[in-house]
Amino acid sequence: MADVRQAVLSAGMVPLLIAPHGGMVDGQPVQRTFLTARSVEFDALLLAGAPRVGSDAVSGRDAKSGDPADSEGRVDPRVRLMIGEMFRHGKAIGGWGDAEVALVAAGCDPVDAGVVLGEDPASVLAEVIALLGAHRVWNRFPAMSG
């Protein structure tokens, strides 16, 4: 994770680590939690897997956690919400590990335009950076003829 963070910094961008809780994850400081992160803050999303449902994902306390879309409860509902919003807003999404599970749980097609999956985080990041040059992934939404 430190390598990805450094690569993002080296590319002139600001990485924000989102995690189930505050503090440190793998020696890296957490800047947002699943509870406090919102998709409007980000130009792109990198998924290092598929975060399981957190113990604090209680719909009575957090409206973002009330989405029942993932009936098997494999991916935290707040992460599903973030992915879905990023996808609908035409933002680039990259991932490795179990990231495809998270995308599918969020109702996103993992082979759609602007979605980059791979085993090597550096390669995924390079493709996401290239996508950021267009600001949004406009070809995710084909023009309708009328």
Side-chain angles (χ1 to χ4, degrees), residues 1-140:
M1 188 174 335
D3 292 345
V4 174
R5 181 177 179 76
Q6 187 55 51
V8 171
L9 285 166
S10 295
M13 299 180 292
V14 178
L16 295 178
L17 178 59
I18 307 168
H21 54 78
M24 303 288 277
V25 172
D26 292 339
Q28 299 299 306
V30 174
Q31 286 88 18
R32 302 284 187 279
T33 66
F34 293 164
L35 179 64
T36 62
R38 295 302 302 169
S39 64
V40 297
E41 296 182 88
F42 309 107
D43 293 318
L45 181 65
L46 294 174
L47 297 163
R52 302 286 182 225
V53 176
S55 61
D56 65 333
V58 179
S59 61
R61 194 170 37 192
D62 176 13
K64 292 184 282 183
S65 70
D67 177 14
D70 181 14
S71 61
E72 295 178 29
R74 298 177 300 164
V75 180
D76 192 287
R78 298 161 297 182
V79 174
R80 291 193 320 262
L81 176 67
M82 173 76 72
I83 295 168
E85 287 178 349
M86 297 289 287
F87 189 86
R88 288 189 305 277
H89 295 168
K91 297 181 181 184
I93 301 172
W96 53 90
D98 290 340
E100 184 173 352
V101 172
L103 286 160
V104 170
C108 300
D109 187 344
V111 297
D112 211 336
V115 177
V116 180
L117 295 175
E119 293 303 316
D120 177 34
S123 298
V124 170
L125 176 60
E127 288 188 52
V128 168
I129 289 172
L131 290 168
L132 284 171
H135 182 61
R136 301 290 171 121
V137 183
W138 298 115
N139 58 342
R140 185 177 290 158

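Just so we're clear, the structure is a prediction, and the values are computed from it rather than from any experiment.
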For Ala134, the side chain to side chain contact (heavy atoms under 4.5 Å, CB included) test, sequence neighbours excluded, returns none
Nearest heavy-atom contact between Pro110 and Val104 is CG-CG2, 4.0 Å
When every non-hydrogen atom of Leu117 is compared with those of Glu100, the smallest separation belongs to CD1-CB, 3.8 Å
Decide side-chain contact (heavy atoms from CB on, under 4.5 Å) for Phe87 and Leu103; before the verdict, give the C-alpha distance in whole Å, the side-chain angles of both, and the deciding distance to 0.1 Å. CA-CA 9 Å; Phe87 189 86; Leu103 286 160; 5.5 Å; no
Taken to the nearest 0.5 Å, the spacing of Ile93 CD1 from Phe42 CZ works out to 12.5 Å
Is it true that a side-chain atom of Asp26 and a backbone atom of Gln28 form a donor plus acceptor pair closer than 3.5 Å? no
**Item:** Test log, rule side-chain contact (heavy atoms from CB on, under 4.5 Å), inputs Val101 and Val75
**Value:** CA-CA 8 Å; Val101 172; Val75 180; 4.1 Å; yes
Heavy-atom closest pair (Ser39 atom, Glu85 atom, distance to 0.1 Å) is OG-OE1, 2.6 Å
Exactly one candidate in Leu16, Val14, Ile18 meets side chain to side chain contact (heavy atoms under 4.5 Å, CB included) with Gln31; the answer is Leu16
Residues Gly94 and Val124: closest non-hydrogen pair is CA-CG1, 3.7 Å
query: Within the distance-only criterion (no hydrogens, no angle test), does the side chain of Arg5 pair as donor or acceptor with the backbone N or O of Met1 below 3.5 angstrom?
result: no
Review point. Is there a donor-acceptor pair closer than 3.5 Å between any side-chain N or O of Arg140 and the backbone N or O of Lys91?
Key: yes
Closest non-hydrogen contact found for Ala106 with Gly84 is CB-N, 4.2 Å
d(His89 NE2, Leu45 CG) to nearest 0.5 Å is 13.0 Å
Residue set satisfying side chain to side chain contact (heavy atoms under 4.5 Å, CB included) with Gln6, at least two apart, ordered chain then number -> Leu9, Ser10
*Asp120 side chain to Ser123 main-chain N or O, any donor-acceptor pair under 3.5 Å?*
yes
The side chain to side chain contact (heavy atoms under 4.5 Å, CB included) partners of His135 (sequence neighbours excluded) come to Asp43
Worksheet entry | Test log, rule side-chain contact (heavy atoms from CB on, under 4.5 Å), inputs Ile83 and Cys108 | CA-CA 8 Å; Ile83 295 168; Cys108 300; 3.8 Å; yes
Note to self: So Asp98 and Arg74, do their side chains get closer than 4.5 Å, heavy atoms only?
What the structure shows: no
Check whether any side-chain heavy atom of Leu17 lies under 4.5 Å from a side-chain heavy atom of Pro29, and answer yes or no.
-> no
Smallest heavy-atom separation, Glu119 atom then Pro121 atom, equals O-CD, 3.3 Å
